[in-house]
Amino acid sequence: MRSVTARIDTQSIRDNAQATRDWPSHGLDHGETRFSRLKQLDTENVKRLGLAWSYDLESTRGVEATPVVVDGIMYVSASWSVVHAVDVRSGKRLWSFDPKVDRASGFKGCCDVVNRGVAVYQGKVFVAAFDGRLIALDAATGAKVWEKDTIVDRKYSYTITGAPRVFKGKVIIGNGGAEYGVRGYITAYDAGSGEQKWRWFTVPGDPSKPFENEAMAQAAKTWDPAGKWWEAGGGGTAWDTMAFDPELNLMYIGTGNGSPWARSKRSPGGGDNLYLASIVALDPDTGKYVWHYQETPGDNWDFTSTQPMILADLKIQNKLRKVILHAPKNGFFFVIDRTNGQFISARNFVDVNWASGYDAKGRPIETAIARSGDRARDIIPSAFGAHNWHSMSFNPQTGLVYLPAQHVPLTLQDNKNWRFNAGSLPEPHSNIGWNTATLVNMEPAKSKPFGRLIAWDPVAQKERWRVEHVSPWNGGTLATAGNLVFQGTADGRFVAYDARNGKKLWEKPTGTGVVAAPVTYEVDGRQYVSIAVGWGGVYGLAARHTERKGPGTVYTFVLDGKAEPPSFVAYQQGKLLQGVPYDKSQVSAGTALYVSNCAFCHGVPGVDRGGNIPNLGYMDPAFIEHLDKFVFKGPATSRGMPDFTGKLSPQDVEKIKAFIQGTADAVRPKN
Ligand SMILES: O=C(O)c1cc(C(=O)O)c2c(n1)C(=O)C(=O)c1cc(C(=O)O)[nH]c1-2
Ligand SMILES: [Ca+2]
């Protein structure tokens, strides 16, 4: 059987960009604009949009995938990197493929066991599994064709969450892991055979060995010459964004934060630490460095530049410029010349406190608070990012970028006592492999959370309209030629807005929070809109903003669709924990242990509501009384929880119990 994707290659993806009937690659086109030229649906008739079908992804963790759709066949991934092929005409499964990632490895990723989607090319579907394998499937049957291990050294905590891209016959993928202490890189494989074609590291490696290339030699000059960076890998993981300009024959990657976060521990002599938090242009044929622009020199705050890029051609001061549009975690919106990496402009799209702006050369003007890490202070934006991996879209008709922006309050402080892999209390998750050299929320944050959809004018560097959401962590966006903007929300709605003014035109409930981005495509002359929902990602581990907790689901809508939605599953908050015996004098020791082992997944007991991972302040007391049964070789290890055998003592567990019950008691309403 021949698959419909047999014809998909670099040329056909370029051709499709003219009419955008299919959605053949992650961001729709090589420029990742997520702007569909279809206009059967428009601001007038969108109110008639109804459900065509829903499809159960059989997943309970975060769903971050953008579906790929070719000739009425959808390829979409769910948590644990499971791939589904669905017939759009019927909504029925054609095949599914579970790469059987060892569920016990869940804790090896910082940010939920998510997968942002697949690539298709010449009859194959490519999925990058959470455990670091890149797998090629037969698009017609879902059978495995080849599999490669992308991980350079399994002694480090590398993972993959991103969607591969295929440029000119090469499947390209980067790895995550910079919270754990790794060296970032990106690798290209031959789409046909799986043979490795090139690999580009983002930061210099072992200083006792020669540099792999000239780019590494140049980068090393911006790190402390003592070479301490190597101890924790340096970081710079390219865990999400990529784009490609076939005319310039350049591909672009966004690189991540430093390992560890605190520069004082990574590169004590200071320096910009190239190529952290940068956009880097590479030759897609050879993986050779061409240029870079560093958005956050000397990253100190987990300010990754891995957020989705968009390539656009914009008229700026009467000159048509080939640009990259980018809104990284650090809160500034960048316009960069993509032919040479030249800085054009940057303006903050939310309030920020780490820099007052960028100078004419494209360097941030840092504020006094930015590096005063000897005390806890709000860093705005926080490590959750003013914008994270949630895709933005660009409508050339309105000239606006539709950007999911947010703030999640955190205070940061340098951890003076950090040593690599020492598990130093109370550094978050330091006992399960994190190495940030940064203490979080040692004092309560003063800033306030928000989530907002912003329509941003990249030429004027100005907000044109905004919609305030109930919380941070809303879904990616889709823009269409019918002047619609689609976005799912953390509070479980799928909404269409007028692209010109942000007026809400349509909305449907989704039965769970939405973090992924929608797509649109045409089949048999009808325009469909699909979205994969499933609350999760790093923020969704411990928090939620819905009363429902439905499974991962794909919803597909069409004009006058009349399908019944699935029955929604209610979220039930447990009773506040009561009656677990504990020693009050142990609460403070338990706090440090809780932060170093439990906090980012389970949240604050009795304060957070629990996301995909239960909040321990609302458990049945029997669970907490017997906490050791869960912490040491417990049942949840088969779902991704670490086994703390040898890492915590039974006395430590008693202290953690004291913190959990003590905190629940402290927040219990008094009457
Ligand atoms: O430094 C890294 O290697 C790395 C990897 C990932 C990832 O692979 O998901 C995230 C982050 N960092 C990160 O900083 C972050 O905020 C984040 C959010 C998410 C998510 O899927 O919700 N992943 C990641
Ligand atoms: Ca990170």
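Read the numbers this way: they start at 1 and go in the same order the structure lists the ligands and their atoms. Computed over heavy atoms, backbone and side chain alike; hydrogens, waters and symmetry mates excluded. Sequential numbering from 1 along the given sequence is applied to the chain's residues.
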Check your understanding: Do we get Arg165 above Phe244's six-membered ring, with its NZ or CZ under 6.0 Å from the centre and within 45° of the axis?
Key ->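 Negative - Arg165 is either too far from the ring of Phe244 or too far off its axis.
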**Study point:** Geometric cation-pi criterion, Arg183 with Phe201: 6.0 Å, 45°
**Key:**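 Flagged: Arg183 positioned over aromatic ring of Phe201.
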Practice item. Please identify each residue that fulfils ring-ring contact (aromatic ring centres under 6.0 Å, His included) with Phe97, with sequence neighbours left out. Key: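 Expected list: none.
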Point to revise | Partners passing ring-ring contact (aromatic ring centres under 6.0 Å, His included) against His545 (at least two apart in sequence or in another chain) | key: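 His545: ring-ring contact (aromatic ring centres under 6.0 Å, His included) contacts with Tyr539.
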When you measure from [atom] to every protein heavy atom, which one gives the shortest distance, and what is it?
| atom | answer |
| --- | --- |
| atom 14 (O) of ligand 1 | Lys329 NZ, 2.7 Å |
| atom 20 (C) of ligand 1 | Trp389 NE1, 3.2 Å |
| atom 8 (O) of ligand 1 | Thr161 OG1, 2.8 Å |
| atom 19 (C) of ligand 1 | Cys111 CB, 3.5 Å |

Review point. Leaving waters out, which protein N, O or S atoms fall under 3.0 Å from the Ca ion (ligand 2)?
Key: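 Listed by chain and number, the nearby protein N, O or S atoms are Glu179 OE1, Glu179 OE2, Asn257 OD1, Asp302 OD1.
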Practice item. For Ser596 and Glu427, indicate whether the former's side chain and the latter's backbone hold a donor-acceptor pair under 3.5 Å. Key: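 Here the side-chain-to-backbone pair exists.
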**Study point:** Heavy-atom donor-acceptor pair, Ser391 side chain to Gly476 backbone, under 3.5 Å
**Key:**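 No, Ser391 side chain to Gly476 backbone: no donor-acceptor pair under 3.5 Å.
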**Study point:** Contacts of type side-chain hydrogen bond (donor to acceptor under 3.5 Å, both in side chains), residue Tyr55, not counting sequence neighbours
**Key:**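 In terms of side-chain hydrogen bond (donor to acceptor under 3.5 Å, both in side chains), with neighbours along the sequence ignored, Tyr55 is linked to His84, Arg93.
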Review point. By number and element, which atoms of ligand 1 are closer than 4.0 Å to a non-hydrogen atom of Gly176?
Key: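 Within the 4.0 Å cut-off of Gly176, ligand 1 contributes 3 (O).
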Practice item. Give the atoms of ligand 1, by number and element, whose distance to some non-hydrogen atom of Trp473 is under 4.0 Å. Key: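 Per the distance check, 22 (O).
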Review point. Among Asp240, Asn388, Val538, Val114, which residue places a heavy atom closest to atom 16 (O) of ligand 1?
Key: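 Going through Asp240, Asn388, Val538, Val114 one by one, Asn388 has the nearest heavy atom to atom 16 (O) of ligand 1.
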Exercise for review: Determine, considering heavy atoms only, which of Trp239, Phe384, Tyr180 sits nearest to atom 17 (C) of ligand 1.
Suggested key: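 That would be Trp239.
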